[in-house]
Amino acid sequence: MKILVLVKQVPDTTDVKFNENGVMIREGLQSILNMFDQFALEEALRIREMYGGEVSVMTLAPEQAKTAMQKCLALGADKAYHISDRAFGGSDTLATSYALSLAVQKTGPYDIIFAGNQATDGDTGHIGPQVAEWMKIPHTSYVERVEKIENGTITVKSLLEDGYRMIEMKLPALVACIPPPNFEYSNPSMSGIIKAKNKPYIWMKADDIDGDKSKFGLNGSPTRVVKMYPPPKRERGQIFTGDYSESVRKIIEHLKEKKVIE
Amino acid sequence: MNIDEYRGILVVGEVYDGKVRPVTYQLISKAREMASSLNTKLSAVLMGNNISQYANDMIAYGADTAYIMEDKVLESYVSELYASVLARFIESIKPEIVLIPATHTGREYGPRIAAYLQTGMTADCTDLQIRNGKFIQIRPAYGGNIMGEIITPNHRPQIATVRPNVFKVGNYDKQRKGETVKVKPDMSNINIRTMIKDIVKTTVTGTKKVDEARVVVSGGRGIGSKEGFSILQDLADLLGGAVGASRVAVELGWMPKSAQVGQSGLTVAPDLYIAVGISGTIQHIVGMKDSKIIIAINKDPNAPIFNIADFGIVGDYREIIPIFIEELKKELKK
Ligand SMILES: Cc1cc2nc3c(=O)[nH]c(=O)nc-3n(C[C@H](O)[C@H](O)[C@H](O)COP(=O)(O)OP(=O)(O)OC[C@H]3O[C@@H](n4cnc5c(N)ncnc54)[C@H](O)[C@@H]3O)c2cc1C
Ligand SMILES: Nc1ncnc2c1ncn2[C@@H]1O[C@H](COP(=O)(O)O)[C@@H](O)[C@H]1O
């Protein structure tokens, strides 16, 4: 079983600071492995445990993403592909997925490709489905668990808003993963960290993946971000600390005025 | 690509459990405004089986053309199938803008369509604007800490997925004139390698869906137990609403995942959101901050949820909610 996990290093947005104008301060944010991707990796490692094989990780990112890649190796991935080139600067999801799909084809073939359902920075959830589309392979998003692999198929549990579906796909296929509510993330062990240093770490440049260079980077990106600003703020309203009945009655009065209760 | 060939707006509707998802009509209503300011036509498409009865509703909400694509095979949704069929259809009618619901399904097949058509796509928009004839797509990023405005200047169509409930349904005009067009879905040479083995619903039948309810009463860690949620259910029932939860409440097994509101759960924007025993971390807030009225009940006066609440009561929910129910009953009897 040859398995690939697409991973991304992201700023830790759970601990964001703002300047006096309410603008998020991006400097000094910790970089972490996208949590959805760590879950995807741990699913991949579980599959390797059950069925044997090899798990590689791949990222398309500047050099500093090596930290997240090393973490993947320390957690148990066998090999890392790090695609890094100025040519990819300014890529949107279409250009990123195109370059990734080329690198996947170049380093593959793989039986299963894992991705996170979304990355917590851009939060688009595009890359998984789009890599699958460029490669013309089936894919499923919102995958909370891989159930089994059997006779060249993979069965996954995919979340709906009000439940889930069990879906079987012919391999090769891509699964975009979302961690279940009580998932416990592993920490790399000391021996894992040491072993990681000797695992293959392969750097790739734009020239190492064959493709249409006009579709790389900013030139290959149909979308443009034209403006960024802090989200509209809600004002703090009336907070009651006194008698409950009185507070409740005041609130109900307001709900009546606003016709929420009629 | 000659971008002038692309005209009009297309809304992709969704049928779910045999019914049209409300977001379909929300998007048609919003797109109606956009089409008027762009002085262009609005069409909407629905895929599935036995769905032609919905064409009139799409027109009544504002579509000039309602496309109906029916086939037995389209009855159950599979991403590679829907993506291919829709992409081919979009190619044939060449709209300048395509809006897709940011549901789990829409976020699954949508990006594939954009890659198929090699055009730009903006995920999970919370606002859309037409400014000087340009289509501006507005969305949160970085866990809701930043808003970004995105354009697709030189590619067509410009595709966006749009969150449910950020736009309200507009006027339903039974008299509105429009055209219904039945389209034969192009499924030639599509090799479907995906099979649905089972569908399981975790919401209790008969209860309201959190993402569709007008009132949501949500509980968090502060509820303290699974049993604690029953009083929230009582309050929700009284208000004709649904019960939601923070991630912690889901992790503790008190509520199903399908009730989770927030960054890794549902985005809701009801008329009234009551947060009970929820501290109000950014990951929860991004999922509910567009609610019209927010009420927070929390025993910690410094809980961040109070900073975005229109009304708050500091105290123990075990005492407050019964009073709320009591007073509401009096009110509703009047
Ligand atoms: C990548 C990522 C994604 C996430 N996605 C989500 C998401 O989608 N949704 C989500 O909700 N969270 C999400 N989280 C988790 C989030 O960071 C918080 O952990 C979570 O929202 C906290 O839930 P809570 O408010 O119920 O619990 P707590 O933060 O523990 O708050 C409990 C509150 O209850 C109050 N309380 C206690 N007892 C009582 C009482 N008797 N009466 C009244 N008040 C009481 C306390 O004062 C406290 O404020 C995510 C986190 C990450 C890292
Ligand atoms: N630059 C990248 N390199 C490798 N994988 C990526 C990259 N960007 C996104 N991904 C993968 O695609 C998933 C979804 O990301 P996104 O579409 O950005 O929300 C992530 O969880 C990763 O698995």
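Just so we're on the same page: letters track the sequence lines, and every chain starts at 1.
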Looking at side-chain heavy atoms only, is the closest gap between [X] and [Y] below 4.5 Å?
| X | Y | result |
| --- | --- | --- |
| B:Tyr142 | A:Pro11 | yes |
| A:Tyr164 | B:Thr202 | yes |
| B:Arg139 | A:Thr124 | yes |
| B:Lys257 | A:Leu159 | yes |
| B:Tyr116 | A:Lys136 | yes |
| B:Phe324 | A:Ile251 | yes |
| A:Asp162 | B:Asp17 | yes |

Considering all heavy atoms, the nearest [X]-[Y] contact:
| X | Y | value |
| --- | --- | --- |
| A:Pro222 | B:Pro153 | O-CD, 3.3 Å |
| B:Ala141 | A:Gly122 | CB-O, 4.4 Å |
| A:Ser247 | B:Ile313 | CB-CD1, 3.9 Å |
| B:Pro111 | A:Pro129 | CB-CB, 3.8 Å |
| B:Ile146 | A:Met228 | CG2-SD, 3.7 Å |

Chain B contact via [X] - which portion, at a heavy-atom distance below 4.5 Å:
| X | answer |
| --- | --- |
| A:Tyr142 | side chain |
| A:Arg249 | side chain |
| A:Lys215 | side chain |
| A:Gln130 | both |
| A:Ile261 | side chain |
| A:Leu160 | both |
| A:Ser97 | neither |

Measuring heavy-atom distances to chain A, does [X] have an atom under 4.5 Å in its side chain, in its backbone, in both, or in neither?
| X | answer |
| --- | --- |
| B:Gln118 | both |
| B:Leu332 | side chain |
| B:Glu80 | side chain |
| B:Thr103 | both |
| B:Lys330 | neither |
| B:Pro301 | backbone |
| B:Asn191 | neither |
| B:Ile199 | both |
| B:Gln158 | neither |
| B:Tyr16 | side chain |
| B:Ile151 | both |
| B:Ile297 | neither |
| B:Arg21 | side chain |
| B:Ser79 | side chain |

More than 12 foreign heavy atoms under 6.0 Å from [atom1] of [X]: is that the case here?
| X | atom1 | answer |
| --- | --- | --- |
| A:Lys148 | NZ | no |
| B:Lys201 | NZ | yes |
| B:Glu326 | CD | no |

Side chain [X], main chain [Y], donor-acceptor under 3.5 Å:
| X | Y | result |
| --- | --- | --- |
| A:Glu235 | B:Ile308 | no |
| B:His155 | A:Thr223 | no |
| B:Glu108 | A:Ser141 | yes |
| B:Arg193 | A:Thr153 | no |

Ion pair A:Lys256/B:Glu331, N-O distance below 4.0 Å: yes

Could you tell me whether B:Asp310 and A:Arg234 have a side-chain N and a carboxylate O separated by less than 4.0 Å? yes

Between [atom1] of [X] and [atom2] of [Y], what distance do you get to the nearest 0.5 Å?
| X | Y | atom1 | atom2 | value |
| --- | --- | --- | --- | --- |
| B:His104 | A:Arg165 | NE2 | CZ | 12.0 Å |
| B:Glu149 | A:Arg224 | CD | CZ | 16.0 Å |
| A:Thr93 | B:Met121 | OG1 | CE | 8.0 Å |
| B:Asp124 | A:Asp123 | CG | CG | 7.0 Å |
| A:Glu133 | B:Arg112 | CD | CZ | 4.5 Å |
| B:Ile295 | A:Gln238 | CD1 | CD | 11.5 Å |

Mind checking ring-ring contact (aromatic ring centres under 6.0 Å, His included) for B:Tyr82 and listing every partner two or more places apart, or none if nothing turns up?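 B:Tyr77.
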
Among the options [options], pick out the one with the most heavy-atom pairs lying under 4.5 Å from chain B.
| options | result |
| --- | --- |
| A:Asn182, A:Leu255, A:Ile239 | A:Ile239 |
| A:Lys170, A:Glu144, A:Glu168 | A:Glu168 |
| A:Met169, A:Lys258, A:Lys250, A:Gln118 | A:Met169 |
| A:Lys157, A:His254, A:Glu161 | A:Glu161 |
| A:Val260, A:Thr241, A:Asn117, A:Ile127 | A:Val260 |

